[in-house]
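The first residue in the sequence is number 1, and the count goes up from there.
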Amino acid sequence: MSPLTSPQGAAAELARNAGQWLMGWWRTIHLAALLTVLALSPASYAPENRRAMARHLYLGTTQSLAWFTLLSLLISIVVIRIVLVTAVSYGLSQYALEMVVRVLVLELIPLAAALFAALRCTIPLAAEIATLRSGGGWDALAAQGIDPLRHEVLPRVVAGSFCALMLAAVNSVVTLVVAYLSVYGFTMAGFDAYTHTVGHVFSPAVSLIFLLKILFLGLAVSLMPIASVLDTVARRRANTSAELQGLVRMFLVIVIIEAASLVGNYY
């Protein structure tokens, strides 16, 4: 039996892979801490950095907001209609509206907004960072005394997080409006009952969990792809691309956030 196929060799290989995996996550956490410090530093908002951040915020959000709003509007109409018809057929119409708010606004809209922001905004921004590093632009900025993290990475991470938050916030409001119109039509007669139902769903604890959920989802989809392309140690050792590693980590974090929010809301 060769050393590589022996139980001791397999255990050593497993321990080495686990150590590399943990170190990769530690480098991601370290990058997040660095970006948090930079985001809180007044020097990060010098005129040239403000212009770069404003440009990324505008382009990242405007390119995604209209398309996602249209998509979520169509999906919301279909889902709300299915829930209402099903609830009426089973004699549970009094619970239909609350179910719509819980399923769409609390669960589906934030998740869909984060994934859409990742596809349309944060992953392309991570590809720009990868191109900057491979093309020598990163080292050129450092040679000029410009911090690439502050000048290039921070605006893109902030733009990705803002895009996910804006998509979730705008389309949650749109879904609530569509739900009201689907149930009560173009009248104010059901406004009191509707606000009572929505207020019952969004208790203080649920509202806090909802806000934390969309915040952490925005941070996850903006940070993970960029952290993967900046992790040069993992890129040298891995057989997969940095983009694929970023996607795997991003989906893992999204699953953890979703599981934590479900536990907080329903247990």
Side-chain angles (χ1 to χ4, degrees), residues 14 17-33 35-36 60 64 68 71-72 75-76 79 99-127 129-130 156-172 175 201-202 205-231 233-235 237-267:
L14 181 61
N17 291 334
Q20 294 175 1
W21 184 79
L22 291 175
M23 287 303 298
W25 280 103
W26 169 250
R27 289 189 291 270
T28 300
I29 295 172
H30 183 255
L31 175 63
L35 292 175
T36 301
S64 305
F68 183 72
L71 179 63
S72 65
I75 294 176
S76 296
V79 172
M99 185 184 304
V100 165
V101 175
R102 287 187 179 276
V103 171
L104 284 176
V105 180
L106 285 183
E107 306 302 336
L108 293 184
I109 292 296
L111 178 60
L115 294 177
F116 197 87
L119 292 175
R120 295 279 296 178
C121 181
T122 62
I123 293 177
L125 291 178
I129 295 295
R156 288 174 168 85
V157 171
V158 172
S161 300
F162 181 80
C163 178
L165 294 176
M166 184 61 65
L167 293 182
V170 170
N171 288 277
S172 294
T175 301
V201 173
F202 281 93
V206 171
S207 299
L208 177 61
I209 293 172
F210 178 73
L211 292 176
L212 291 176
K213 176 181 177 178
I214 61 176
L215 174 62
F216 285 125
L217 284 176
L219 292 175
V221 299
S222 63
L223 181 62
M224 291 300 163
I226 292 180
S228 295
V229 301
L230 291 178
D231 193 352
V233 175
R235 293 177 68 186
R237 291 176 176 175
N239 295 324
T240 57
S241 65
E243 290 78 9
L244 182 58
Q245 295 177 51
L247 286 176
V248 172
R249 289 186 179 183
M250 183 184 71
F251 282 120
L252 178 59
V253 174
I254 287 175
V255 169
I256 293 174
I257 294 172
E258 280 292 324
S261 69
L262 289 174
V263 170
N265 285 331
Y266 302 108
Y267 291 97

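Annotation for Glu258 and Leu217: closest pair OE2-CD1, 4.1 Å, computed over non-hydrogen atoms. Considering all non-hydrogen atoms of both residues, Leu262 and Tyr267 come closest at O-CD1, 3.9 Å. Nearest heavy atoms, Leu165 versus Ile214: CD2-O, 3.2 Å. Closest heavy-atom contact between Gly60 and Cys163: O-SG, 3.5 Å. Contact between Leu125 and Arg156 at its shortest, heavy atoms only, is CD1-O, 3.6 Å. Of all the heavy atoms in Ser222 and Thr122, the pair that sits closest is CA-CG2, 3.6 Å.
For the atom pair CZ of Arg120 and CG of Leu115, the computed distance is 14.5 Å after rounding to the nearest 0.5 Å. Taking CG of Leu167 as the start and CZ of Phe162 as the end, the distance is 9.5 Å to the nearest 0.5 Å. In this structure, CD1 on Ile226 lies 10.5 Å from CD1 on Ile123, to the nearest 0.5 angstrom. Separating the CD1 atom in Ile257 from the CG atom in Leu111 is a distance of 10.0 Å, to the nearest 0.5 Å. Summarising the geometry, atom CG belonging to Leu252 is positioned 8.5 Å from atom CE belonging to Met224; distances are rounded to the nearest 0.5 Å. Distance check: Arg102 CZ to Tyr266 OH gives 5.0 Å after rounding to the nearest 0.5 Å.
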Next on the checklist: Could you go through Ser228 and Arg249, starting from their C-alpha distance and side-chain angles, then the distance that decides it, and tell me whether this counts as side chain to side chain donor-acceptor pair (under 3.5 Å)?
Outcome noted: CA-CA 9 Å; Ser228 295; Arg249 289 186 179 183; 4.7 Å; no
Checklist entry - So Phe216 and Val253, side chain to side chain contact (heavy atoms under 4.5 Å, CB included) or not? Walk me through it. => result CA-CA 9 Å; Phe216 285 125; Val253 174; over 6 Å; no
Checklist entry - What's the verdict on side chain to side chain contact (heavy atoms under 4.5 Å, CB included) for Phe210 and Asn265, showing C-alpha distance, side-chain angles and the deciding distance? => result CA-CA 9 Å; Phe210 178 73; Asn265 285 331; over 6 Å; no
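Using the six-membered ring where Trp is involved, Phe68 and Phe116 have ring planes that are tilted, between 30° and 60° apart.
Counting only distance, with no hydrogens or angles, the side chain of Ser161 and the backbone of Val158 share no donor-acceptor pair below 3.5 Å.
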